[in-house]
Asks: 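This is the structure I want to talk about, given as structure tokens.
What you are looking at is a predicted structure, and each value in this text was computed from that prediction instead of being measured. Naming convention: chains lettered A, B, ... in sequence-line order (proteins, then strands); numbering from 1 in each chain.
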Amino acid sequence: MSQTITIDPVTRLEGHGKITIQLNAQGEVEDAHFHVTQVRGFERFSQGRPFYEMPALTARICGICPVSHLLASAKACEAIMSVRIPHTAAQLRRILNLAQMVQSHALSFFHLSSPDLLLGMESDPAYGCAVAADSEPGTDGAIARIELLPSVLTGSTAGDGIGSRAEAHLRRCRCTA
Amino acid sequence: MSKLKLATAWLDGCSGCHMSFLDMDERLLELAELVDVVYSPIVDTKEFPDGVDIALVEGAVASVDDEKKIKKIRAHSKMLIAMGDCAITGNVPSMRNPIGVEAILDRAYIENATIQPQIPCVVVPKLLKTVKPVHEFVKVDVFLPGCPPSAETFHTALTALITGEPLDVPALTRFGA
């Protein structure tokens, strides 16, 4: 019998989504879908509005990457007015954009990916977060976890890899329970 | 004193309020000493748990799923905070209200589509006719305006709510802040 596995919501993702995986009678993956569960209609409600509203408005398409949308719409505004910005302004925009990338990578690493790297894919979902509940009642799991993050980046923790660091970390949490 | 249970959720918004929440940076450590984050887009838990003390909700109510979620959140939370302008007024998501669902879907999925123009109708939630703020559906205990509220606002407000100190919201933030 065919079967559908649904992952809802997809967590630690930059956005709103569901995943469905369709299995065939042999239990093999036959198809998989990613469903975007949110639509607001910027494509439509922006039509007919004053062009100078667009940088502030389109920045609200995504609070995680607002700068990309803001800069793109600012460029569109300039095209409408047929103006060119000074070199310094273009450079400042570039800095703004690069700073956004640094921020986004930090978010992606520390809050979205690192729980998997630190705790492993098999860990209890309730604790799979940099600031989630303690690993065991009465421990400082969440705090220990955040404190451990920089050492994963720099490799300064004893051990020979992320896996062993995560194991050591989990042991420590359990010992203090 | 046992730790309070904190949950965060996003409905129809841009994730910007959550990003601002995470911008508390090292102050998240302080927060992790006072609360356990039991449910959030950055936690893997799929089901909203029982007995949540403080729930922060970002975004407006725009789909049948949002409506179900906000009712569940209310039923399982002692204190519900409408976080940011979308949750409080409908803000940007509600800009589609005078236009109507059909027109915005048509523009996004038919008119602008270069391949396979079709309106998604499977698995994705049905959109409500109009986007409404959270308090149109459930009782809200605290309104925290801002687009987004600043990290400073989150820190001051959450500290006050957790410790039971008085909270002066207008002194902290405003609409569009």
Side-chain angles (χ1 to χ4, degrees), chain A residues 4 6-16 18-20 33 35-47 49 56-57 59-66 103-104 106-107 110-112 115-116 123-134 137-138 140-143 145-147, chain B residues 2-3 5-6 10-20 22-23 26 28-29 31-33 35-46 49 58-59 62-63 65-66 86 91-93 95-99 101 103-109 111-112 120 122-125 127 131 147-148:
Chain A
T4 300
T6 305
I7 303 167
D8 175 31
V10 184
T11 50
R12 293 201 267 118
L13 165 84
E14 298 188 7
H16 300 56
K18 286 183 196 176
I19 289 173
T20 55
H33 290 93
H35 310 267
V36 177
T37 53
Q38 182 191 29
V39 54
R40 282 166 296 167
F42 281 86
E43 303 90 338
R44 179 62 186 80
F45 68 62
S46 298
Q47 288 180 317
R49 295 201 71 86
L57 189 60
R60 270 69 185 179
I61 289 173
C62 174
I64 299 167
C65 57
Q103 189 201 29
S104 189
L107 166 81
F110 287 107
H111 289 291
L112 308 181
D116 287 336
S123 63
D124 185 338
Y127 311 129
C129 164
V131 287
D134 287 349
D140 290 329
I143 292 161
R145 209 142 53 219
I146 298 174
E147 284 173 346
Chain B
S2 71
K3 284 187 181 182
K5 289 183 181 176
L6 180 81
W10 57 33
L11 306 175
D12 200 29
C14 77
S15 322
C17 295
H18 273 79
M19 294 306 109
S20 194
L22 292 178
D23 280 342
E26 73 279 5
L28 287 169
L29 284 170
L31 190 68
E33 290 191 49
V35 299
D36 281 333
V37 183
V38 291
Y39 180 90
S40 169
I42 57 160
V43 181
D44 277 336
T45 317
K46 303 288 183 202
E58 170 183 349
S63 70
D65 275 13
D66 291 342
C86 296
N91 200 28
V92 175
M95 286 174 75
R96 77 158 155 90
N97 287 356
I99 296 161
V101 171
I104 67 130
L105 289 176
D106 198 64
R107 172 81 178 146
Y109 291 105
E111 210 180 308
N112 278 349
V122 187
V123 184
V124 293
L127 296 180
V131 177
C147 188

Asks: With rounding to the nearest 0.5 angstrom, report the CZ to CZ distance, B/R107 to A/R44.
Replies: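 Going from CZ on B/R107 over to CZ on A/R44, the span is 8.0 Å.
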Asks: Heavy-atom pairs under 4.5 Å with chain A - which of B/G13, B/S63, B/S40, B/A108 has more of them than the others?
Replies: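 Most pairs with chain A among the choices: B/G13.
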Asks: If I measure from the heavy atoms of chain A, does B/D65 come under 4.5 Å with its side chain, its backbone, both, or neither?
Replies: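 Side chain of B/D65 only, per the 4.5 Å heavy-atom cut-off to chain A.
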Asks: Give, as side chain, backbone, both or neither, the part of B/D23 having an atom under 4.5 angstrom from any heavy atom of chain A.
Replies: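 Side chain only.
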Asks: Would the distance check show the side chain of B/K46 and the main-chain N or O of A/P9 forming a donor-acceptor pair, the cut-off being under 3.5 Å?
Replies: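 Between the backbone of A/P9 and the side chain of B/K46 there is a qualifying donor-acceptor contact (under 3.5 Å).
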Asks: Is it the side chain or the backbone of A/L107 that comes within 4.5 Å of chain B heavy atoms, both, or neither?
Replies: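 Contact with chain B: side chain only.
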Asks: To the closest 0.5 Å, what do you measure between CD1 (A/I19) and NE2 (A/H33)?
Replies: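 NE2 of A/H33 is found 12.0 Å from CD1 of A/I19.
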Asks: Where does B/M95 contact chain A at under 4.5 Å (heavy atoms): side chain, backbone, both or neither?
Replies: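 Both parts, backbone and side chain.
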Asks: State plainly whether the residues B/R96 and B/D12 are in salt-bridge range, i.e. N to O under 4.0 Å.
Replies: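 Salt bridge flag = no for B/D12 with B/R96.
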Asks: Side chain, backbone, both or neither: which part of B/P41 has a heavy atom under 4.5 Å from chain A?
Replies: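 For B/P41, backbone heavy atoms alone lie under 4.5 Å from chain A.
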Asks: Between atom OG of B/S15 and atom CZ of A/R60, what is the distance when rounded to the nearest 0.5 Å?
Replies: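 Reported to 0.5 Å precision, the distance equals 13.0 Å.
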Asks: Sub-3.5 Å donor-acceptor pair from the side chain of B/N97 to the main-chain atoms of B/V131, do we have one?
Replies: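 It does hold such a pair.
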Asks: Please look at B/L105 and chain A and tell me whether the side chain, the backbone, both or neither of the residue comes under 4.5 angstrom of a heavy atom of that chain.
Replies: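 Only the side chain of B/L105 comes within 4.5 Å of chain A.
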Asks: Begin with the C-alpha distance, continue with both residues' side-chain angles, and end with the deciding distance and a verdict on side chain to side chain contact (heavy atoms under 4.5 Å, CB included) for B/L28 and B/L22.
Replies: CA-CA 7 Å; B/L28 287 169; B/L22 292 178; 4.2 Å; yes
Asks: Highest number of heavy-atom pairs under 4.5 Å with chain A: which of B/C17, B/C86, B/C147, B/S20?
Replies: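 Among the listed options, the one with the most contacts to chain A is B/C147.
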Asks: Output the option from B/D106, B/V124, B/V92 having the highest count of non-hydrogen pairs under 4.5 Å with chain A.
Replies: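 Going by pairs under 4.5 Å, I would pick B/V92.
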